[in-house]
Amino acid sequence: MAQSRYLIIGLGRFGAALAESLAEQGAEVIAVDRDMAMVDAVKQKVAYAIELDATDPQALLSIDPQKCRAAIVAIGENFEATVLTLAALKEVGVRDIVARSRSARESRILQAVGATQVIELEYEMGRTFGKRLHGGVEAQPALGQALKP
């Protein structure tokens, strides 16, 4: 297993930013989305960018996801696709799966399906940003820079 290889599934704002951040830190990133326009947007920033249906276990096997340190399911709006992708990743033997959630209920469901870690972005960002505003964390970008779209 490659210690610095990550599979990012879903290349919306969160997935693309995560893929770019990991690649900038020297990780090998495999970025996957069903939408070729999303793949094209990150292909110059990551090791591999692939148009793929991640809900299909056979399609996933073509990219050796079990050799990644972790698979991150960053699909935003389609909860059914998130659940099916998580199930497909489990089926092909991926051990560490991080899934994006929009609510506590979704988090419970994703954990029941097999996610090893769930991220509620809005909740976690609200907590982090509150600490930054009140505590003045020095290493973070200035307030105006943090609010870019």
Side-chain angles (χ1 to χ4, degrees), residues 2 4-92 94-133 140-149:
S4 64
R5 180 184 292 170
Y6 295 89
L7 172 59
I8 311 293
I9 300 171
L11 300 175
R13 288 180 10 179
F14 172 65
L18 178 60
E20 186 175 343
S21 175
L22 287 168
E24 286 171 353
Q25 295 175 68
E28 181 180 15
V29 176
I30 303 168
V32 171
D33 201 289
R34 284 184 179 180
D35 184 344
M36 193 59 194
M38 302 300 235
V39 172
D40 284 339
V42 301
K43 70 182 178 186
Q44 299 299 321
K45 301 173 185 175
V46 299
Y48 304 99
I50 304 161
E51 180 183 14
L52 184 90
D53 177 4
T55 66
D56 178 0
Q58 291 303 317
L60 282 174
L61 285 172
S62 71
I63 57 172
D64 290 327
Q66 63 278 15
K67 292 183 179 177
C68 294
R69 180 176 184 183
I72 298 90
V73 182
I75 300 167
E77 298 298 319
N78 187 339
F79 185 66
E80 179 181 0
T82 297
V83 171
L84 292 173
T85 298
L86 180 56
L89 288 165
K90 292 297 285 183
E91 185 177 328
V92 300
V94 177
R95 289 188 213 136
D96 192 10
I97 305 170
V98 180
R100 175 185 179 179
S101 168
R102 293 179 296 167
S103 69
R105 182 169 188 249
E106 282 187 4
S107 294
R108 287 190 304 274
I109 293 167
L110 294 172
Q111 287 173 328
V113 175
T116 53
Q117 184 177 354
V118 177
I119 301 169
E120 287 183 50
L121 290 181
E122 289 78 7
Y123 173 80
E124 291 187 28
M125 189 59 205
R127 305 256 326 148
T128 300
F129 193 61
K131 289 177 184 177
R132 185 184 320 165
L133 280 174
Q140 297 296 329
L143 182 59
Q145 293 173 338
L147 295 176
K148 59 183 177 175

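These numbers were taken from a predicted model, which means no experiment stands behind them.
- Residues satisfying the side-chain contact (heavy atoms from CB on, under 4.5 Å) criterion with Ser103, sequence neighbours excluded, are Arg105, Glu106.
- A side chain to side chain contact (heavy atoms under 4.5 Å, CB included) with Val46 holds for exactly one of Leu11, Val29, Val39; it is Val29.
- In plain terms, the two heavy atoms of Ala74 and Gly15 that are nearest each other are CB-CA, 3.8 Å.
- Legend: residues meeting salt bridge (charged side-chain N to carboxylate O under 4.0 Å, His left out) with Glu77, ordered by chain and number and at least two apart, are Arg102.
- Put simply, CD on Glu91 and CG on Leu61 are 8.0 Å apart, with the number rounded to the nearest 0.5 Å.
- Annotation: the span from Ile30 atom CD1 to Ile8 atom CD1 amounts to 9.5 Å, rounded to 0.5 Å.
- Looking at Thr82, its side chain does come within 3.5 Å of a backbone N or O of Asn78 through a donor-acceptor pair.
- Taking the side-chain contact (heavy atoms from CB on, under 4.5 Å) definition, one finds that Glu124 meets it with Ile119, sequence neighbours left out.
- Asp40 is linked by a salt bridge (charged side-chain N to carboxylate O under 4.0 Å, His left out) to Lys43, counting only residues two or more places apart in sequence or in another chain.
- We find the CZ-OH distance between Arg5 and Tyr48 to be 6.5 Å, quoted to the nearest 0.5 Å.
- The two residues Ser62 and Leu52 come nearest to each other via the heavy atoms OG-CD1, 4.0 Å.
- Atom NZ of Lys90 is separated from atom OG1 of Thr85 by 14.5 Å, given to the nearest 0.5 angstrom.
- The heavy-atom pair separating Ala54 from Ile9 by the smallest distance is CB-CG2, 3.5 Å.
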Exercise. For Arg100 and Phe14, run side chain to side chain contact (heavy atoms under 4.5 Å, CB included): C-alpha distance rounded to whole Å, both residues' side-chain angles, the deciding distance at 0.1 Å, then the answer.
Key: CA-CA 9 Å; Arg100 175 185 179 179; Phe14 172 65; 3.9 Å; yes
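- Every pair tested for salt bridge (Lys or Arg N to Asp or Glu O under 4.0 Å) that includes a residue from residues 80-89 fails, sequence neighbours excluded, so the list is empty.
- Residues meeting the salt bridge (charged side-chain N to carboxylate O under 4.0 Å, His left out) test with Asp64, sequence neighbours left out: Lys67.
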Throw together a table of side-chain donor-acceptor distances under 3.5 angstrom for residues 18-25, partners on residues two or more places apart or in other chains.
unit_1, atom_1, unit_2, atom_2, d
Ser21, OG, Gln25, NE2, 3.1
Gln25, NE2, Ser21, O, 3.2

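- Scanning for salt bridge (charged side-chain N to carboxylate O under 4.0 Å, His left out) contacts around Asp53 gives Arg34, with sequence neighbours left out.
- Tested against Leu89 for a side chain to side chain contact (heavy atoms under 4.5 Å, CB included), the candidates Leu7, Val113, Thr55 yield a single pass: Leu7.
- Looking at residues two or more places apart in sequence or on another chain, you find a side-chain contact (heavy atoms from CB on, under 4.5 Å) between Glu120 and Ser101, Ala104, Ser107, Tyr123.
- Within a 6.0 Å sphere centred on CZ of Phe79, heavy atoms belonging to other residues, nucleotides or ligands number more than 12.
- The side chain to side chain donor-acceptor pair (under 3.5 Å) search around Asp96 returns Thr116, not counting sequence neighbours.
- The heavy-atom pair separating Val92 from Pro57 by the smallest distance is CG1-O, 3.6 Å.
- Residues passing the side-chain contact (heavy atoms from CB on, under 4.5 Å) test with Ala17, sequence neighbours excluded: none.
- The structure places CD1 of Ile97 at 10.5 Å from CG of Leu110, a figure rounded to the nearest 0.5 Å.
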